[in-house]
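First up is the structure itself, then whatever we jot down about it.
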Amino acid sequence: MRNRPKKPILKKSEYLKYDFVIMEREDCLCPKCGNILNAGPGYQPKYCSECGQKINFTGVQWKKDKQLGFAERRDLYEPVKN
């Protein structure tokens with residue numbers, strides 16, 4: 001039932017910030033279709049943009065992104081040969 005609001009599913013994921021800092025964030029997913037909701041402390045959608053499921057964010061604890069460490073240096077280019 002789409003009219004009954006459900007709590008979002010919180011899932012941790014990692015991403016690279018500035019191309020070398022490993023960060024961890026918590027994404028909010030739709031409990032019905034698994035779509036990532038564009039939600040945060042300043043904005044909480046009332047419905048999922050994909051399936052229309054009503055979402056209830058009451059009681060959700062918003063956490064800041066957490067720094068996990070630094071990525072190893074990657075040589076993206078081949079060395080120049082004379």
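The figures here come from the full heavy-atom set of this structure, side chains too, leaving out hydrogens, waters and symmetry mates.
- The side-chain heavy atoms of Thr58 and Lys7, taken from C-beta on, include a pair separated by under 4.5 Å.
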Q: Given side-chain contact (heavy atoms from CB on, under 4.5 Å), test Gln67 with Val21 step by step and report yes or no.
A: CA-CA 7 Å; Gln67 181 177 332; Val21 181; 3.8 Å; yes
Give every donor-acceptor pair under 3.5 Å between a side-chain atom in residues 10-18 and any protein atom, sequence neighbours left out.
| unit_1 | atom_1 | unit_2 | atom_2 | d |
| --- | --- | --- | --- | --- |
| Ser13 | OG | Asp27 | OD2 | 2.9 |
| Tyr15 | OH | Asp65 | OD2 | 2.5 |

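- In terms of the salt bridge (Lys or Arg N to Asp or Glu O under 4.0 Å) criterion, Lys66 has no residue partners (sequence neighbours excluded).
- Residues Cys30 and Cys51 are in side-chain contact: their nearest non-hydrogen atoms beyond the backbone lie under 4.5 Å apart.
- Under the salt bridge (Lys or Arg N to Asp or Glu O under 4.0 Å) criterion, Glu50 pairs with no residue at all, not counting sequence neighbours.
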Q | Derivation of the side-chain contact (heavy atoms from CB on, under 4.5 Å) call for Tyr47 and Leu37 | A | CA-CA 9 Å; Tyr47 298 92; Leu37 302 169; over 6 Å; no
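- Here Trp62 contributes atom CH2 and Cys28 contributes atom SG; the two are 4.0 Å apart, rounded to the nearest 0.5 Å.
- Contact detail for Phe57 and Pro8: the closest heavy-atom pair is CE2-CG, 3.6 Å.
- Note that CD of Glu26 and NZ of Lys64 are 15.0 Å apart. Values are rounded to the nearest 0.5 Å.
- Alongside Ile36, the hydrophobic cluster contains Ile9, Leu29 (criterion: ILVMFWY side chains under 4.5 Å).
- For the atom pair Asn56 CG and Arg4 CZ, the distance stands at 12.5 Å (nearest 0.5 Å).
- With rounding to the nearest 0.5 angstrom, the CZ atom of Phe70 is 9.5 Å from the CD1 atom of Ile22.
- A distance-only check finds no donor-acceptor pair linking the side chain of Lys32 to the backbone of Lys6 [under 3.5 Å].
- No path of Ile, Leu, Val, Met, Phe, Trp and Tyr side chains, each step under 4.5 Å between heavy atoms, connects Phe20 with Leu68, placing them in separate hydrophobic clusters.
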